[in-house]
Amino acid sequence: MQSASYNKLVYAITVAVMTIILLLPLSQAAVPPLLDYPIHLSRVYIYNHYETNAFLGSMFNINWRPLPNLGSDILLLLLTKFVSIELAGRLLLGIIITLTLLGVLVLHRVIFSDWSWWPFLAVFPAYHGALTAGFLNYSLGLSLLLVFLATYIALRRCHSVPALVASILFGIILYFCHIVSFGIFAIFLFSYELLSNPTTARESSLFRKFARALFRTLPAFLLPICLYIRYSLLEVVSGPSPMIIGEWSLSHKLRGIFMPIMSGDYFLDLIVLMFLFATFAYFLIAKNIRYERGLILGCLLTFLFFIILPSHLLEAAFIMDRLPIAIVLVVIAATNLKRLDRRQEVTLAGLLLLLVVFRGWSLGASWRESDIYYQRMARALEQIEPAASVMIASPFTRVQGKSLGFWHNVRMKAPNWHFALLNIPALHSTSILPLTKLSAFSQMHFVWPDKQVLSLSEEFAHLDYGDGGASTWHPNEIFLTSGGDRQCQDISINLAPLEASQPDGHEEEFSDRLKLSDYAQGFDYIVLQFLDDVPDTMIEGIKQRYDYVGDDEFMVIDTRESATSQ
């Protein structure tokens with residue numbers, strides 16, 4: 001494609017229109033239904049009110065130190081100086097989405113010296129699985145990574161010293177965003193220096209190329225690596241029963257393939273994936289694609305890590321699932337078409353615009369529906385008094401050990417926004433922000449002392465399961481209890497049919513879950529969600545035994561009042 005054939009004004013208008021379409025869904029929900037997203041907002045709300053709210057101040061300790069995973073928190077703290085926490089969150093999402101698209105466009109422009117239509121394919125992975133899951137720090141780091149790569153390459157072509165200084169600064173920033181985005185940046189910088197830099201290209205020896213590339217990139221990563229070992233890695237390794245390396249799972253790898261386009265509407269996501277695959281395949285077969293070999297090498301190395309490494313590393317989940325997102329975005333930026341005739345151009349542009357508009361409309365409608373649910377739940381939670389403790393549960397809290405067929409049947413009955421990452425109930429964190437505003441404690445606060453600056457105080461330490469909130473996914477058999485030291489027999493109510501809760505070959509695991517009544521001990525309220533998937537007889541049993549507010553989709557149960565009335 002020749003840049004001379006395109007009007008720069010038309011190109012700028014196209015960028016603006018595509019960006020507006022991508023941002024429109026953000027206007028449909030005060031708190032978008034992104035899995036961990038409300039937890040981020042809740043944490044920042046605590047930061048802002050820690051010193052003025054006596055209860056929050058007594059519940060949490062804040063220990064600021066140079067940890068990864070602080071990037072989005074820092075930006076949200078700055079934004080909340082001017083706007084509400086809900087608006088600050090949406091502004092941050094808008095920044096991430098916009099930077100992701102612009103980062104691909106700018107990186108493509110730096111590589112090929114051409115404002116091309118090809119990188120507009122990035123409008124699809126701009127809404128990716130990490131964003132759907134509410135992984136704000138990684139999503140922010142990934143969007144910055146694209147801009148930083150473009151800046152580094154532009155500087156490197158002019159002079160090595162400014163590029164070196166910039167790479168050190170970029171490495172530190174990405175470290176504070178997310179350790180995985182920092183690692184991916186290291187891979188791409190090394191691969192670019194190895195194959196694409198003119199200086200290394202003149203070296204005749206592969207060993208000398210390798211050594212020179214390592215020498216050029218190492219200074220950018222020395223300080224972040226030292227900080228990570230000192231303030232994160234050592235805390236994980238020295239923790240009680242740390243999960244250093246998890247299992248390698250084919251299902252996680254298959255999910256990872258969908259991560260670059262996982263917006264929540266999985267039928268549309270599948271269409272988008274097929275469109276991207278068919279587009280690349282068509283032009284590859286026609287030998288009509290050129291590429292930047294250094295960054296493509298980086299994509300291959302990243303993909304190799306994705307295949308080899310397990311999904312869980314160093315007590316962190318969904319680590320490898322995030323790598324394909326970076327691969328797809330960089331592949332789009334690092335490739336270009338050699339030529340594009342008028343018919344191909346119109347066909348590609350038409351299909352892309354049609355899919356983008358339809359996908360944006362679908363996402364906006366889904367988020368608008370979720371906002372109605374959120375507002376209803378927020379009103380129901382108003383009955384909870386300050387300093388109360390709350391457990392959040394549903395019949396699908398246990399996500400492991402179930403077949404794809406089981407989740408397919410569940411998803412066929414539930415709205416798209418009920419789930420994230422194919423099979424994880426996104427509603428679990430929906431109530432965390434209004435509960436925090438009420439100064440009520442929820443076990444979904446995700447206190448990871450080794451990964452966050454926020455931890456529980458000694459007074460509330462008994463409410464932490466010691467695994468950073470991972471136990472909140474365990475209960476399938478929810479035991480509703482009177483809580484505290486009141487003399488009332490615990491009442492267990494099975495929130496899921498036995499056949500749904502007990503996959504074949506997991507009888508022993510299921511019997512172990514019957515011991516999980518301790519998880520509900522000490523909580524004053526139980527918030528039950530996904531009740532549309534609970535048998536009516538069980539709902540009636542709950543209503544007869546407990547005082548509650550809610551409807552056919554969720555209930556807020558006051559176990560203390562229920563204990564008094566029995």
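Quick caveat, the model's predicted, so the values are computed rather than measured.
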- Item | Heavy-atom side-chain contact between Phe120 and Val15 under 4.5 Å | yes
- Message: With no hydrogens and no angle check, just 3.5 Å: does a side-chain donor-acceptor pair link Ser366 and Asn416?
- Response: no
- Message: I'd like to check Leu136 versus Tyr138 (side-chain heavy atoms, cut-off strictly below 4.5 Å). Are they in contact?
- Response: no
- Minimum-distance pair of heavy atoms, taken over all atoms of Gly171 and Phe182: O-CD1, 3.4 Å
- Message: Quick check: closest heavy atoms across Pro25 and Gly360, and the distance to 0.1 Å?
- Response: CG-O, 3.9 Å
- Could you state the interatomic distance from CG (Leu214) to CD (Glu193), rounded to the nearest 0.5 Å? 11.0 Å
- Query: Taking all atoms of both residues into account, what is the closest heavy-atom pair of Leu92 and Ser72, and its distance?
  - Reply: CD2-CB, 3.7 Å
- Indicate yes or no for a side-chain donor-acceptor contact from Asn288 to the backbone of Phe283 under 3.5 Å, with no hydrogens or angles considered. no
- Query: Tell me the ring pair (Phe, Tyr, Trp, His ring centres under 6.0 Å) pairs involving residues 341-361, sequence neighbours left out?
  - Reply: Phe358-Trp361
- Message: Salt bridge check, Asp321 against Arg255: does any charged N sit closer than 4.0 Å to a carboxylate O?
- Response: yes
- Hey, what do you get for CG (Leu300) to CG (Leu295), rounding to the nearest 0.5 Å? 11.0 Å
- Query: Ignoring hydrogens and geometry, is there a side-chain-to-backbone donor-acceptor pair from Arg65 to Asn63 under 3.5 Å?
  - Reply: yes
- Query: Would you say Val106 and Leu146 make side-chain contact, with heavy atoms under 4.5 Å?
  - Reply: no
- Message: Would the distance check show the side chain of His40 and the main-chain N or O of Gly134 forming a donor-acceptor pair, the cut-off being under 3.5 Å?
- Response: yes
- Query: Checking Thr80 side chain against Ile85 main chain: does a donor-acceptor pair fall under 3.5 Å?
  - Reply: no
- Query: Quick one: does Leu223's side chain get under 4.5 Å of Ile172's, heavy atoms only?
  - Reply: yes
- Query: Under 30°, 30 to 60°, or over 60°: which ring-plane class applies to Phe303 and Phe306, parallel, tilted or perpendicular?
  - Reply: tilted
- Item | Criterion side chain to side chain contact (heavy atoms under 4.5 Å, CB included) against Ser139, the qualifying member of Leu93, Leu131, Leu99, Thr132 | Leu131
- Message: Testing the basics here: between Trp115 and Leu105, what is the closest heavy-atom pair and its distance to 0.1 Å?
- Response: CZ3-O, 3.9 Å
- When the aromatic ring centroids of Phe275 and Phe124 are compared, is their separation below 6.0 Å? yes
- Taking the side chain as every heavy atom from C-beta outward, state whether Met320 and Leu323 have any atom pair closer than 4.5 Å. yes
- Message: Checking the side chain of Trp417 only, and the main-chain atoms of Leu427 only, is there a donor and an acceptor separated by less than 3.5 Å?
- Response: no
- Message: I need the Arg90 CZ to Ile97 CD1 distance, nearest 0.5 Å.
- Response: 12.0 Å
- Note on the structure: Quick note, side-chain hydrogen bond (donor to acceptor under 3.5 Å, both in side chains) partners involving residues 162-186, not counting sequence neighbours, are His178-Arg322
- Query: Judged by atom type as modelled, is there a donor-acceptor pair below 3.5 Å linking the side chain of Ser143 to the main-chain atoms of Leu140?
  - Reply: yes
- Query: Do Leu352 and Trp117 come close enough that some side-chain heavy atom pair is under 4.5 Å?
  - Reply: no
- Query: Say you draw a straight line from CD of Glu86 to OH of Tyr45; how long is it, rounded to the nearest 0.5 Å?
  - Reply: 9.5 Å
- Closest approach of Arg359 and Asp269, non-hydrogen atoms and distance? NH2-OD1, 3.3 Å
- Task: Please answer whether the main-chain N or O of Ser116 pairs with a side-chain N or O of Tyr11 as donor and acceptor at a distance below 3.5 Å.
- Result: yes
- Task: Please confirm whether Tyr374 and Trp367 have ring centers closer than 6.0 angstrom.
- Result: no
- Apply the test side-chain contact (heavy atoms from CB on, under 4.5 Å) to residues Leu144 and Leu174: give CA-CA distance (whole Å), side-chain angles for both, the deciding distance (0.1 Å), then the verdict. CA-CA 8 Å; Leu144 290 173; Leu174 290 176; 4.1 Å; yes
- Item | Heavy-atom pair with the smallest gap, counting every atom of Asn137 and Cys177 | CB-O, 2.9 Å
- Rounding to 0.5 Å, atoms CG (Asn336) and CZ (Phe112) come to a distance of 5.0 Å
- Using modelled atom types only, decide if a donor and an acceptor are shared between the side chain of Tyr152 and the backbone of Ala166 within a distance under 3.5 Å. no
- Determine whether Leu337 and Ile289 make a side-chain contact, defined as any pair of heavy atoms from C-beta on separated by less than 4.5 Å. yes
- Message: Quick check: do Phe188 and Thr302 have side-chain heavy atoms less than 4.5 Å from each other?
- Response: yes
- Under 3.5 Å, is there a donor-acceptor pair between the side chain of Ser84 and the main chain of Leu87? yes
- So, for Phe170 and Phe221, is the gap between ring centers shorter than 6.0 Å? no
- Query: How long is the span from the CD1 atom in Ile257 to the CE atom in Met259, to the nearest 0.5 Å?
  - Reply: 12.0 Å
- Query: If only atom types and distance count, is the side chain of Ser191 paired as donor or acceptor with the main-chain N or O of Gly294 below 3.5 Å?
  - Reply: yes
- Take the angle between the ring planes of Phe280 and Trp118 and call it parallel below 30°, perpendicular above 60°, tilted in between. perpendicular
